[in-house]
Amino acid sequence: MAYNTILVETQKEIGIIRLNRPDAMNALNTEMVKEMGQALDKFEDNKKIKAIVLTGNERAFAAGADIKEMQDKTYMEAYLEDFITKGWEHISKIRKPIVAAVSGYALGGGCEVAMMCDVILADETAMFGQPEITLGIIPGAGGTQRLTRIVGKYKAMDMILTGRMMDAKEAHHVGLVSRIVVNKASLVEQAIKTARKIGRMSLPTILMAKECINQAYEMSLSAGIRYERRMFQSTFATRDQKEGMKAFVEKRRPTFKNQ
Ligand code: CAA
């Protein structure tokens with residue numbers, strides 16, 4: 001399938017999506033969000049794909065929703081089309097793990113898309129922020145909710161009310177970044193390596209683990225633990241649990257069949 005705003009490739013069991021509007025700092029316009037959703041769906045449906053890498057270019061992961069596209073939108077248009085729901089929310093519904101590789105700016109909707117991913121790797125040039133307030137709006141793709149849950153009220157207030165950016169070091173310190181990759185040239189390589197490491201595990205078990213972690217943001221602790229317990233127990237219904245434990249006892253690497 002030919003895309004205008006993204007580049008898509010597969011490397012064995014890993015699907016890779018590169019946001020590709022370099023002249024606009026990868027600003028997320030309607031077409032890009034739609035194409036990203038289509039590519040994610042294709043990877044989700046492809047049985048060979050175990051994990052996905054989402055990245056941008058050296059200057060920007062994505063500098064937010066496309067300001068030029070939305071500047072003249074009226075309230076009624078935004079409301080009736082349920083602006084920032086269609087397509088955007090789709091990313092957070094993908095069951096396979098998504099590793100974000102962030103170089104340069106991840107601002108506004110770009111930061112929000114990164115926060116919809118499951119692992120965030122950043123190089124030392126990465127800059128995160130929710131600058132919407134400087135445009136006279138507030139974050140609209142989950143920034144006030146996800147950022148607050150990740151970094152806490154006071155850091156989220158600082159970021160969202162002032163619109164300032166944080167660098168990779170600060171983002172790592174507050175838990176927004178999983179890992180900093182020191183060598184910029186190897187960021188995507190490291191993301192693929194991470195995705196591949198995840199991909200070597202049992203797919204149903206990966207999906208269950210991701211689902212349980214995401215439930216931690218939706219449920220009370222006791223309900224979440226009960227949810228986890230039932231999922232944990234259900235892993236004993238998989239062939240891969242038998243293989244994983246047998247391989248440990250036999251001192252060899254497991255060969256998971258994703259069943
Ligand atoms: N939308 C549309 N175009 C954008 C853009 C955006 N979010 N971000 C950058 N661009 C465009 C610029 O307009 C410029 O285009 P022209 O060459 O045609 O003028 C081009 O990308 C390069 O950008 P700059 O010249 O500004 O590059 P810079 O290096 O000086 O600055 C930057 C880079 C700090 C990222 C700056 O471009 C910037 O502040 N961008 C906007 C960031 C922002 O406010 N994001 C939030 C958007 S709202 C949102 O995302 C809502 C939501 O919650 C979903």
Side-chain angles (χ1 to χ4, degrees), residues 3 6-20 22 26 36 39-62 91-92 94-106 110-111 113-128 150 167-214 235 240 243-244 247-248 251-259:
Y3 297 106
I6 58 172
L7 302 170
V8 177
E9 63 169 305
T10 54
Q11 284 190 20
K12 293 184 185 162
E13 75 284 24
I14 308 304
I16 304 163
I17 301 173
R18 290 171 203 267
L19 305 179
N20 189 37
N26 284 339
M36 192 171 29
L40 286 169
D41 275 346
K42 277 189 175 288
F43 288 146
E44 185 88 321
D45 293 343
N46 183 340
K47 287 201 171 76
K48 287 187 191 142
I49 297 295
K50 304 279 289 295
I52 299 159
V53 169
L54 180 62
T55 192
N57 58 43
E58 285 204 346
R59 292 185 72 198
F61 176 75
I91 304 162
S92 61
I94 297 296
R95 296 175 75 204
K96 289 178 182 170
I98 308 177
V99 178
V102 179
S103 191
Y105 297 108
C111 185
V113 165
M115 289 190 288
M116 290 183 211
C117 297
D118 305 304
V119 175
I120 303 180
L121 298 190
D123 68 25
E124 288 163 308
T125 69
M127 297 293 284
F128 295 84
I150 295 164
D167 62 15
K169 215 168 160 189
E170 183 179 1
H172 183 243
H173 182 69
V174 297
L176 179 57
V177 162
S178 316
R179 257 183 277 150
I180 296 179
V181 176
V182 178
N183 182 356
K184 186 175 174 158
S186 70
L187 174 71
V188 175
E189 215 173 276
Q190 284 299 321
I192 293 169
K193 213 169 152 190
T194 303
R196 200 154 270 152
K197 190 163 188 178
I198 296 169
R200 278 202 291 273
M201 312 301 167
S202 158
L203 181 62
T205 317
I206 292 168
L207 300 184
M208 285 183 212
K210 170 169 170 169
E211 195 172 327
C212 284
I213 294 167
N214 283 333
T235 61
D240 289 340
E243 166 61 9
F248 174 81
K251 299 189 189 300
R252 61 172 172 83
R253 284 185 106 164
T255 308
F256 292 125
K257 295 276 195 284
N258 305 313
Q259 287 182 355

Show me the side-chain donor-acceptor pairs of residues 116-123 shorter than 3.5 Å, one per line, residues at least two apart or across chains.
{"residue": "Asp118", "atom": "OD1", "partner": "Lys210", "partner atom": "NZ", "Å": "3.4"}
{"residue": "Asp118", "atom": "OD2", "partner": "Ile98", "partner atom": "N", "Å": "2.7"}
{"residue": "Asp118", "atom": "OD2", "partner": "Lys210", "partner atom": "NZ", "Å": "2.7"}
{"residue": "Asp123", "atom": "OD1", "partner": "Thr125", "partner atom": "N", "Å": "2.8"}
{"residue": "Asp123", "atom": "OD1", "partner": "Thr125", "partner atom": "OG1", "Å": "2.6"}
{"residue": "Asp123", "atom": "OD1", "partner": "Ala126", "partner atom": "N", "Å": "3.4"}
{"residue": "Asp123", "atom": "OD2", "partner": "Ser103", "partner atom": "OG", "Å": "2.5"}

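- Counting only distance, with no hydrogens or angles, the side chain of Lys96 and the backbone of Leu207 share no donor-acceptor pair below 3.5 Å.
- Judged as a side-chain contact (heavy atoms from CB on, under 4.5 Å), and not counting sequence neighbours, Asp45 has no contacts.
- Each salt bridge (charged side-chain N to carboxylate O under 4.0 Å, His left out) pair with one or both residues in residues 167-181, not counting sequence neighbours, appears once here: Lys155-Glu170, Arg164-Glu170.
- Applying the side-chain contact (heavy atoms from CB on, under 4.5 Å) rule to Ala60 yields the partners Met25, Asn57, Tyr105; only residues at least two apart in sequence or on another chain are considered.
- Remark: Asp41 engages His90 in a side chain to side chain donor-acceptor pair (under 3.5 Å) (not counting sequence neighbours).
- For Glu44, the side chain to side chain donor-acceptor pair (under 3.5 Å) criterion is met by no residue, not counting sequence neighbours.
- Listed by first and then second residue, the salt bridge (charged side-chain N to carboxylate O under 4.0 Å, His left out) pairs involving residues 6-15 are Glu9-Arg18, Glu13-Arg196 (not counting sequence neighbours).
- Among residues two or more places apart in sequence or in another chain, the side-chain contact (heavy atoms from CB on, under 4.5 Å) test is passed with Asn258 by Lys50, Leu203, Pro204, Asp240.
- Around CD of Glu58, the count of heavy atoms belonging to other residues, nucleotides or ligands within 6.0 Å does not exceed 12.
- Considering only heavy atoms from C-beta on, Ile52 stays 4.5 Å or farther from Ile14 through its side chain.
- Qualifying side-chain contact (heavy atoms from CB on, under 4.5 Å) partners for Glu189, counting only residues two or more places apart in sequence or in other chains: Ser186.
- Scanning for side chain to side chain donor-acceptor pair (under 3.5 Å) contacts around Arg252 gives Glu243, Glu250, with sequence neighbours left out.
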